[in-house]
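Notes for the one structure printed next.
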Amino acid sequence: WYQRRVREGAAAPAPCPVGTYSAVIGLQQVEGCVDCPAGQYCDQSGLTAPVGECAPGYYCPSGSSSPQQEESPAGHYCPAGSAAPIPCPRNTYGDRTGLASCTPCPHGKETFEEGSTSVDQCKEVKCEAGHYRDPQKGCQICPKGTFSSEDNASSCTLCPRHQYNSVQGSVQCLKCPDTAFTWSVGTDSFTGCIGPVIEACSGKDMTGSCDRYYDDNLNLNVTVLSVRVIRGEFELFELSNHRGYYFTLTENDGPTNVADLEQIDVLKSFSPILNNVFCSLEQGSKFRGSIRSTSKSGKACINWKQTPLAGKAAPNHYCQNPDETNLADKPFCYISETETEECDIPSCVWNMDCFTGIGVQYRGKQSTTEHGKNCNNWNSNIPHPHTYHSPEYDWAGVGDHRFCRNPSKEGTPWCYTTNMFWRWDYCTIPRCNRDNFHYYRF
């Protein structure tokens with residue numbers, strides 16, 4: 001209300017007109033009444049607040065006096081409380097007035113602009129593989145790390161674990177090398193494949209023609225005079241097929257000339273070391289890989305120098321298990337000076353579920369022989385005295401257990417038996433090959 005002068009020296013209250021309101025006491029002029037806000041209405045005089053929202057299918061400009069002030073035109077829609085009509089989005093249409101929402105185009109059809117007024121404006125459009133159909137935006141290209149293999153896909157699929165995709169619009173993902181893995185799905189770059197990498201050059205000091213190698217069984221048919229391990233560790237052999245004298249090179253060694261390698265004059269093949277570098281054996285007490293510096297939940301690892309295990313651990317911030325007292329089932333790290341968390345380092349499969357070479361590196365848990373005999377504890381001399389005890393033969397994996405090993409470096413993994421009439425026996429363990437065994441277990 002406001003004060004309206006009715007005669008000289010006197011005034012009477014008058015209501016704010018329809019379409020306006022005022023909550024102010026003692027208002028002196030009608031100009032002080034406020035227009036009803038857009039999207040709301042004031043259908044009576046003398047209001048102190050708007051009555052409510054504009055009705056669905058209608059819009060209310062500022063100063064509206066009805067919940068159905070203006071009807072939404074065709075090709076537009078108005079939800080409750082609309083201040084102005086909204087054009088129907090792409091891939092929808094509004095074929096009559098007074099709509100609170102627009103109608104989606106039939107499946108597989110799209111419109112090319114907003115504000116369509118008829119289903120006839122929805123046209124057949126083929127979203128080819130490598131794309132997906134967005135209900136609002138139409139055909140969209142699949143981003144890196146994803147793919148779609150079918151036309152008119154409703155969404156793109158994240159690349160599975162151990163695959164990647166570094167380009168948009170792909171119909172499939174690319175497989176990482178057999179010796180590599182990814183930490184998660186949706187990897188969008190080859191650098192996300194975690195595995196061994198070595199660079200070999202035709203000239204000394206990493207000059208000439210250089211190539212990078214990512215897998216094992218690597219025989220060289222070119223002259224190599226210098227090498228550099230980019231990630232992991234490699235054994236370099238003087239003969240093809242991993243034969244003859246070899247030299248172990250790590251990523252910490254930097255560029256190395258072949259002429260400087262001990263007992264190797266010519267480099268013919270090399271093989272990556274995976275176990276305890278890219279995956280952990282047993283509890284990971286010998287894991288030394290520099291591949292993970294965050295915990296399983298993604299928290300940053302602090303440097304081991306700041307932890308209670310500073311005297312046992314390597315002075316870095318990578319996942320380890322230096323305690324060797326069952327502190328963790330896998331490599332772990334400190335995320336604060338007092339708090340630890342496990343890391344998601346994969347477990348090794350080769351030389352755990354199967355053996356390579358003659359089985360010297362086998363660390364699996366097979367404990368019966370090919371003739372069904374039970375293996376005896378390696379630290380026991382009863383019923384068969386022997387000399388293959390720890391710690392002298394720790395390098396062969398023997399110790400306070402009864403799992404098959406090969407400390408004699410002959411034949412395949414074996415063990416002493418608990419049968420006093422059967423001194424020792426070979427174990428039935430499959431030989432590793434990439435057709436039947438993956439390298440890693442997650």
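What you see is a predicted model; the values in this text were computed from it and never measured.
Separation of the Trp414 and Tyr426 ring centroids does not fall under the 6.0 Å cut-off. Between Tyr362 and Phe403, a ring centre-to-centre spacing not shorter than 6.0 Å is recorded. For Trp304 and Tyr334, the ring centers sit closer than 6.0 Å to each other. Taking the six-membered ring wherever Trp is involved, the centroid distance between the rings of Phe442 and Phe181 falls below 6.0 Å. Note: Tyr393 and His386 fail the aromatic proximity criterion, with ring centroids not under 6.0 Å apart.
Checked against the 2.5 Å cut-off, the SG-SG distance between Cys319 and Cys301 does not fall under it. When the SG-SG distance for Cys122 and Cys105 is compared with the 2.5 Å cut-off, it comes out below that value. For the cysteines Cys343 and Cys333, the sulfur (SG) atoms lie at a distance of at least 2.5 angstrom from each other. In this structure, Cys60 and Cys36 have their SG atoms no less than 2.5 Å from one another. Between Cys375 and Cys427, the two SG sulfurs stay at or beyond 2.5 Å from each other.
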Stepwise side-chain contact (heavy atoms from CB on, under 4.5 Å) check, Asn257 with Leu225: CA-CA 6 Å; Asn257 291 324; Leu225 297 183; 5.9 Å; no
With salt bridge (charged side-chain N to carboxylate O under 4.0 Å, His left out) as the test, would you mind laying out the steps for Glu199 and Arg228 before giving the verdict? CA-CA 5 Å; Glu199 186 174 23; Arg228 176 170 65 101; 2.7 Å; yes
Please evaluate residues Ser64 and Gln40 with respect to the criterion side chain to side chain donor-acceptor pair (under 3.5 Å), reporting the C-alpha separation (whole Å), side-chain torsions for both, the decisive distance (0.1 Å), and the verdict. CA-CA 7 Å; Ser64 291; Gln40 298 180 302; over 6 Å; no
Apply the test ring pair (Phe, Tyr, Trp, His ring centres under 6.0 Å) to residues Phe234 and Tyr213: give CA-CA distance (whole Å), side-chain angles for both, the deciding distance (0.1 Å), then the verdict. CA-CA 11 Å; Phe234 279 79; Tyr213 300 85; 9.0 Å; no
If you apply the rule side chain to side chain donor-acceptor pair (under 3.5 Å), what do you find for Glu337 with Thr307, and how did you get there? CA-CA 5 Å; Glu337 293 184 2; Thr307 75; over 6 Å; no
Check the pair Glu110 / Arg90 against salt bridge (charged side-chain N to carboxylate O under 4.0 Å, His left out), numbers first and verdict last. CA-CA 7 Å; Glu110 298 179 7; Arg90 277 192 58 184; 3.6 Å; yes
For Asn379 and Ser390, what are the C-alpha separation, side-chain angles and deciding distance, and is it a side chain to side chain donor-acceptor pair (under 3.5 Å)? CA-CA 7 Å; Asn379 284 349; Ser390 60; 3.3 Å; yes
So Asn152 and Arg133, side chain to side chain donor-acceptor pair (under 3.5 Å) or not? Walk me through it. CA-CA 6 Å; Asn152 297 318; Arg133 187 183 300 279; 2.4 Å; yes
For the pair Ile291 and Ile345, evaluate side-chain contact (heavy atoms from CB on, under 4.5 Å) and give the outcome as yes or no after the intermediate values. CA-CA 9 Å; Ile291 60 173; Ile345 303 297; 4.1 Å; yes
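Note that OG of Ser166 and CG of Asp188 are 8.5 Å apart. Values are rounded to the nearest 0.5 Å. How far OH of Tyr41 is from CD of Gln69: 11.5 Å, rounded to the nearest 0.5 Å. In this structure, the separation between CD1 on Ile86 and SG on Cys78 is 6.5 Å, given to the nearest 0.5 Å. Rounding to the nearest 0.5 angstrom, the gap separating the CD atom in Gln361 from the CH2 atom in Trp395 is 9.0 Å. Interatomic distance, Asn91 CG to Thr103 OG1, rounded to the nearest 0.5 Å: 13.0 Å. A distance of 11.0 Å separates CD in Gln121 from CZ in Phe112, rounded to the nearest 0.5 Å.
The closest side-chain donor-acceptor pair between Glu113 and Thr111, if any, does not fall under 3.5 angstrom. A side-chain donor-acceptor contact under 3.5 Å links Ser170 and Asn165. Side-chain contact check for Gln163 and Thr182: no donor-acceptor pair (N or O, by modelled atom type) lies under 3.5 Å. For the residue pair Asn351/Thr356, the side-chain donor-acceptor check at 3.5 Å is satisfied.
Side-chain atoms of Arg363 come within 3.5 Å of backbone atoms of Ala396 as a donor-acceptor pair (strictly under, hydrogens ignored). In this structure, Asn303 contributes its side chain and Lys305 its backbone to a donor-acceptor pair below 3.5 Å. Put simply, the side chain of His162 never gets that close to the backbone of Ser184: no donor and acceptor are under 3.5 Å apart. Using a distance-only test at 3.5 Å, with no hydrogens or angles considered, a donor-acceptor pair links the side chain of His401 to the main chain of Gly397. Judged by distance alone, the side chain of Thr146 and the main-chain N or O of Pro143 form a donor-acceptor pair under 3.5 Å. Asn406 places a side-chain N or O within 3.5 Å of a backbone atom of Lys409 that can act as its donor or acceptor partner. No donor-acceptor distance shorter than 3.5 angstrom exists from the side chain of Trp350 to the backbone of Met352, with no hydrogens or angles considered. Using a distance-only test at 3.5 Å, with no hydrogens or angles considered, no donor-acceptor pair links the side chain of Thr223 to the main chain of Ser202. At least one donor-acceptor pair closer than 3.5 Å links the side chain of Asn219 to the backbone N or O of Asn241.
The shortest non-hydrogen separation linking Tyr318 to Gly289 is CB-O, 3.9 Å. Across all non-hydrogen atoms, the minimal contact from Gly357 to Arg431 is O-NH1, 2.6 Å. Taking every heavy atom of both residues into account, Pro383 and Thr418 meet most closely at CG-O, 3.8 Å. Closest heavy-atom contact between Trp183 and Pro346: CZ3-CD, 4.3 Å. Contact record, Cys173 with Phe147: SG-CD2, 3.4 Å, taken as the closest heavy-atom pair. Between Arg231 and Gly195, the shortest heavy-atom distance links the atoms NE-O, 2.7 Å.
Considering only heavy atoms from C-beta on, Cys432 stays 4.5 Å or farther from Val349 through its side chain. You'll find the side chain of Thr340 stays beyond 4.5 Å of the side chain of Ile335, heavy atoms only. With contacts defined as side-chain heavy-atom distances shorter than 4.5 Å, the pair Phe287/Pro331 qualifies. Two residues are said to be in side-chain contact when any heavy atoms from C-beta on lie closer than 4.5 Å; Val224 and Val258 meet this criterion. Annotation: side chain of Pro177 is not in contact with side chain of Tyr439 (no heavy-atom distance under 4.5 Å).
For Asp178 and Lys175, the salt-bridge test passes: some basic side-chain N is under 4.0 Å from an acidic carboxylate O. Note on Asp151 versus Lys126: salt bridge recorded, some NZ/NE/NH1/NH2 to OD/OE distance being below 4.0 Å. A salt bridge links Arg288 with Glu233: at least one charged nitrogen is closer than 4.0 Å to a carboxylate oxygen.
By the 30° and 60° cut-offs, the orientation of the rings of Phe237 relative to Tyr246 is tilted.
A side-chain hydrogen bond (donor to acceptor under 3.5 Å, both in side chains) with Thr369 is found for exactly one of Asp425, Asn419, Asn374, Thr417, namely Asp425.
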